[in-house]
Amino acid sequence: MARALINVPAKAKRGEVITIKTLISHVMESGFRHNQIGVRIPRDIITSFTCTYNGEEIFQADLHPAITANPFIAFTTIATESGTIAFTWRGDNGFSAAESVNITVE
Amino acid sequence: MTDKRTENLATRRDVLASAGSLVGGGLVSGLGLATISVAHAQAQSTPAAMALAIHKIAGEATVKPGKVKLDMPPLSENGNSVSLTVTVDSPMTPANHVKAIHVVTEKNPQPYVISVRLGPRAGQANISTRMRLSDTQIVVAIAELSDGSFWSDTRTVIVTLGACLEELI
């Protein structure tokens, strides 16, 4: 299980725009590099990232090899109601990771 | 993801077919040649490839400069990690919002960097990530608005040490 860091404010006012920052540990091997004997290293990247807020998809990203190792993605959303914000990363070789955080909206 | 796989396969097949016809009857050698040419094609993107990528994103619509702000350092010592922020000037209401943000480059092995889909629930059209740059080049951010228009911003980033090229230790 890849280690993921997520930064979401624990509490927010209703209607407030909150910033969500995510970072997950992953090599993001681009598939363009060669090892010492000249053999190409196969691609191994995260290809998609999804964020849902109480089950509703609010953000989706398609990643390509040009994204750094340990992909960092930050975006915003409106705090509508208390609940769970869930994150899913999917990638090559069946890679899948999921995290979720709770938010209290007053 | 599945879509992208099929897309990749399709291009590979195209290249295979063209290389195969060049070689003529030699099917096995044709396959070998095709694999090499695919590898070469992937290892060098060009301004033309970027233009094609932008065309794939925007279709027939014209991409106008403005509304989008791409924030990147003008000079980067290490191409392995360059931070970028894309901000789009939009009220983000259900009637008028940013549907998608795309980032493409000119000289990376592939033009695509990231494609993001968002909606009025984002509140602001503001995303940040970190990207790899293989060389000094231009980076283009394109925003697709809910009214179907496309807007872009371009930055030139000078890279001292590019990504992708170093050997493994």
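Keep in mind it's a predicted model, so treat the numbers as computed, not measured.
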Under 4.5 Å from a heavy atom of chain B, the part of A/L23 involved: side chain
Distance (rounded to the nearest 0.5 Å) between A/E57 CD and B/L118 CG: 11.0 Å
Joint cluster assignment, B/I114 & B/M72, ILVMFWY side-chain distance < 4.5 Å: yes
Same apolar cluster: A/I24 and A/I6, side chain cutoff 4.5 Å: yes
Sequence-distant partners of B/H102, ring pair (Phe, Tyr, Trp, His ring centres under 6.0 Å), two or more places apart: none
Chain B neighbours within residues 68-77 of chain A, where any heavy atom lies under 4.5 Å away: A/T68, A/A69, A/F72, A/I73, A/A74, A/F75, A/T76, A/T77
Residue selection (most heavy-atom pairs with chain B, distance under 4.5 Å) from A/P65, A/G15, A/C51: A/P65
Closest contact, heavy atoms only, B/N108 versus A/A66: ND2-CB, 3.6 Å
Salt bridge (charged side-chain N to carboxylate O under 4.0 Å, His left out) involving A/E16 - partner list, sequence neighbours excluded: none
A/F59 vs B/I127, side chain to side chain contact (heavy atoms under 4.5 Å, CB included): CA-CA, chis, key distance, verdict: CA-CA 10 Å; A/F59 183 88; B/I127 62 148; 3.8 Å; yes
Heavy-atom pair with the smallest gap, counting every atom of A/A61 and B/V116: CB-CG2, 3.8 Å
Options B/M131, B/M92, B/Q124, B/R117, ranked by heavy-atom pairs under 4.5 Å with chain A, top entry: B/R117
Distance in Å, A/E56 CD paired with B/R121 CZ, rounded so as to fall on 0.5 Å steps: 4.5 Å
Between B/P120, B/S115, B/A100, the one whose heavy-atom pairs under 4.5 Å with chain A are most numerous: B/S115
Pairs flagged by ring-ring contact (aromatic ring centres under 6.0 Å, His included) wherever residues 114-144 of chain B is involved - sequence neighbours left out: none
Spacing of CZ belonging to A/R43 relative to CD belonging to B/Q110, to within rounding of 0.5 Å: 7.0 Å
